[in-house]
There are 2 protein chains.
Amino acid sequence: MNGLSARQKRILSLIVHEYIFSAEAVASKHLVEKYRLGMSSATVRNEMSALTDQGYLKQPHTSAGRVPTEEGYRYFVGQLMQDTSLPETMRATINHQFSQMHSDIKQWLQLAATVLANETHAASLITAPQPVEARIKHIQLIATHGRQALAVLVMEGGQIHQHILTLEEPTSQEQLSILSNKFSQLFAGKNLHNLSQYQETFTSLESTILAWLEDELVRSDRLPTGEIYMDGITNVLAEPEFADSEEARRALRLLEERSMLQDLLAQTVLPETIGGVQVLIGGEGNWNDLSQCSIILSRYGSPGIATGTLGVLGPMRMSYGRSISMVRFLSGILSDFVAEQW
Amino acid sequence: MNGLSARQKRILSLIVHEYIFSAEAVASKHLVEKYRLGMSSATVRNEMSALTDQGYLKQPHTSAGRVPTEEGYRYFVGQLMQDTSLPETMRATINHQFSQMHSDIKQWLQLAATVLANETHAASLITAPQPVEARIKHIQLIATHGRQALAVLVMEGGQIHQHILTLEEPTSQEQLSILSNKFSQLFAGKNLHNLSQYQETFTSLESTILAWLEDELVRSDRLPTGEIYMDGITNVLAEPEFADSEEARRALRLLEERSMLQDLLAQTVLPETIGGVQVLIGGEGNWNDLSQCSIILSRYGSPGIATGTLGVLGPMRMSYGRSISMVRFLSGILSDFVAEQW
DNA sequence: TTTAGCACTCTAAGCATGAGAGTGCTAAAT
DNA sequence: ATTTAGCACTCTCATGCTTAGAGTGCTAAA
């Protein structure tokens, strides 16, 4: 039952804001006074109670104020937050900084990392743009059992990707072989990023395969193998939720363990649109170490040519509006750079 | 009065070891039992008392064991520590890791950072080798007042270095001008690292200038402008002295603030010998943020061609023997790489 | 010179206490 | 049917007290 009343939305939003601001559980009375809500604290308390029942708020202990849950943050980010764009003066300042730079990708990435970290008060992370070089050499489909088929994708570089597909209906090996040939001829040597442009002319069986193909290609060029630029690690340490350095350690491990980072970037289905920003709140159940953190990610670059990822890592109690616009803005700047210089 | 008796040295050494191992103040009784010293705890207490008077030990509070002071660590590193070399198997393992690598400097540096961090359980830091390109364009000496003269060094790139020299005797501007010309002609276009090879033929006045020149040149190519490779930041967070993340933050700031790092590398007079290892204990009075840390540094590369710096940052309670040999060993590996590949 | 023995000091942990913060609930007010 | 005032209830946090234990420093004997 997701029907939050307008007032509940307002209160949830204020609580998120206030908690992000103060890092302390927010009390009904405090809210009424600070924001001059035209109602009594008891009313607010009732609403808070409802929001707690719905899983958007929680209490650290019985006699404390409320704190947003992960769900609360998600609702806030997804439904309540208005898309704050950066003030023009800030855009100008940042653009100016980049314009005063040599056209050296390393320097741009470093500057971007620094700006991102400073403006979001979080840790920033940028992977250098990776040229997309994966070209398809051959595609082979093998019937295995019932509606299952093994799809093998051989790349020109020799890498192999394979995947079990579940087809809509049982299909014979002959049919699959024909399909294999068709796909191989169609895509051999291609380095495709928007395979879906062919979509319409395909049967649904073909589309299934196509979807997988696309997935693999996107995935393969998402793994960062090159340099990673970071800044603002100490920003994270300054946050009260990381006063215990053990907690901080868990969060920062992401930035040091490449395998973990690869995992994250690989499993995170980033929207293909360059510039699309993705928000991961509280590890999303998959990453225990990140249970206190949020991550905001975006790809940048030119699709099919070279792309990289940039993002920030901060406490869950992070200023989402600002961080998201910042990530989006810098993603744009770096994309422009790649488009021009590549 | 630095005359420590052999027994005092032994005890100091054991205390340092034990404290590094346990991170807890070490008690006289504990020492006697664990190391089967053939004496009573009272005797050890007396010696400890003496060592405390001399400034090598301190007590966190009246009824606690002893902990080494910064002086204590220095004495240990300088006088007591035997130069532990790495076990042959470890050298082999590490060499093997590098040998399996492409001859790509970036990958080597990254690997070196990782190995260094893992083996020392501290944060590692490596600056990419910087080609030494500073060439002298012009040298000008200007008499100012009494025995003072202002020396200005103009580099081909346009950078200017200046310094007030104190000469052994008052010298007229004419003489200085003559000298200026001589030096300018002698060194113009040169990119000198071992100016002292000319030493013998010079007067002492000239030598003074020469010494400064050398200093500037060495200093100028010590500033890291290129990439910096790090690893093991979370190792530092695992140490109990950094359980309070504020303390950790102070330490790690060094790794993020380039200006601070430049400061450190510039002010630290590194021995010219490549491979020489320098140990900074507790910030040495100059860096407050590092008051809980120690740093072990070494330059690597080919003098006059390209050099970089590598080091580890850890708690003062760090395993010096191991860290120093590790730094020295990796310094050697990277130096060999630079010598071969440059 | 070393050591046994003991008094002394300081920390860390446990426990009780009280103030304060904030809620939940009930009954009255709108 | 909401909203609100009022109050009881709960939980935390800070404070102070007490005790056990660790480790030293000192003294006097070996």
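Naming: A, B, ... by sequence-line order, numbering from 1 per chain. We use all heavy atoms of the structure for the numbers below, so side chains are in, but hydrogens, waters and symmetry mates are not.
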- [ ] When you get a sec, tell me which of C/dT2, D/dT24, C/dT3 is the closest nucleotide to the side chain of B/R7?
- [x] C/dT2

Open item on the list: Can you identify which nucleotide, out of C/dA4, D/dT24, D/dT3, has its nearest atom closest to the A/T43 side chain?
Closed with: D/dT3

Open item on the list: Measuring to OP1 and OP2 of D/dC11, would you say a side-chain N or O of A/Q59 lies under 4.0 angstrom away?
Closed with: no

Open item on the list: Any side-chain N or O of A/S41 below 4.0 angstrom from OP1/OP2 of C/dT23?
Closed with: no

Open item on the list: Five pairs per end, C1' atoms only: what is the angle between the end axes of the helix from C/dT1-D/dA30 to C/dT30-D/dA1, to 10 degrees?
Closed with: 30°

Task: Option from A/F76, A/Y320, A/Y35 for which ring-ring contact (aromatic ring centres under 6.0 Å, His included) with A/H17 holds - done: A/F76

- [ ] Only one of A/I296, A/L264, A/L290, A/L313 passes side-chain contact (heavy atoms from CB on, under 4.5 Å) with A/L280; say which it is.
- [x] A/L264

Task: Heavy-atom side-chain contact between B/L37 and B/L14 under 4.5 Å - done: yes

Just the rounded figure in Å: distance from [atom2] of [N] to [atom1] of [X].
X	N	atom1	atom2	value
A/L31	C/dA21	CG	P	17 Å
B/K29	C/dT2	NZ	C1'	19 Å
B/E33	D/dG23	CD	C1'	13 Å
B/E18	D/dG23	CD	P	12 Å
A/E47	D/dA1	CD	P	17 Å
A/L57	C/dG22	CG	C1'	14 Å
A/M39	D/dA5	CE	C1'	17 Å
A/E24	C/dG20	CD	P	17 Å

Using the 3.5 Å cut-off, write out each protein N or O paired with an N or O of nucleotides 6-16 of chain C and the distance between them.
from, atom 1, to, atom 2, distance (Å)
C/dC10, OP1, B/T62, OG1, 3.4
C/dC10, O5', B/T62, OG1, 3.4
C/dC10, O2, B/S63, OG, 3.0

Open item on the list: Can you tell whether the side chains of B/R250 and B/E246 come within less than 4.0 Å, N to carboxylate O?
Closed with: no

Task: Check ion pair B/E284-B/R74 (N to O, under 4.0 angstrom) - done: yes

Open item on the list: Between B/M260 and B/D289, is the side-chain contact (heavy atoms from CB on, under 4.5 Å) condition met? List the steps.
Closed with: CA-CA 10 Å; B/M260 199 172 160; B/D289 283 346; 3.7 Å; yes

Open item on the list: If you compare all heavy atoms of B/F21 against all heavy atoms of B/K34, which two are closest, and at what distance to 0.1 Å?
Closed with: CE2-NZ, 3.7 Å

- [ ] Show your working on side-chain contact (heavy atoms from CB on, under 4.5 Å) between A/M326 and A/V115 and close with a plain yes or no.
- [x] CA-CA 9 Å; A/M326 209 61 216; A/V115 169; 3.6 Å; yes

Task: Worked check of side-chain contact (heavy atoms from CB on, under 4.5 Å) between A/I228 and A/L261 - done: CA-CA 10 Å; A/I228 298 177; A/L261 191 57; 3.5 Å; yes

Task: Comparing A/A64 and B/A42 on DNA chain C - which has the more 5′ nearest nucleotide - done: B/A42

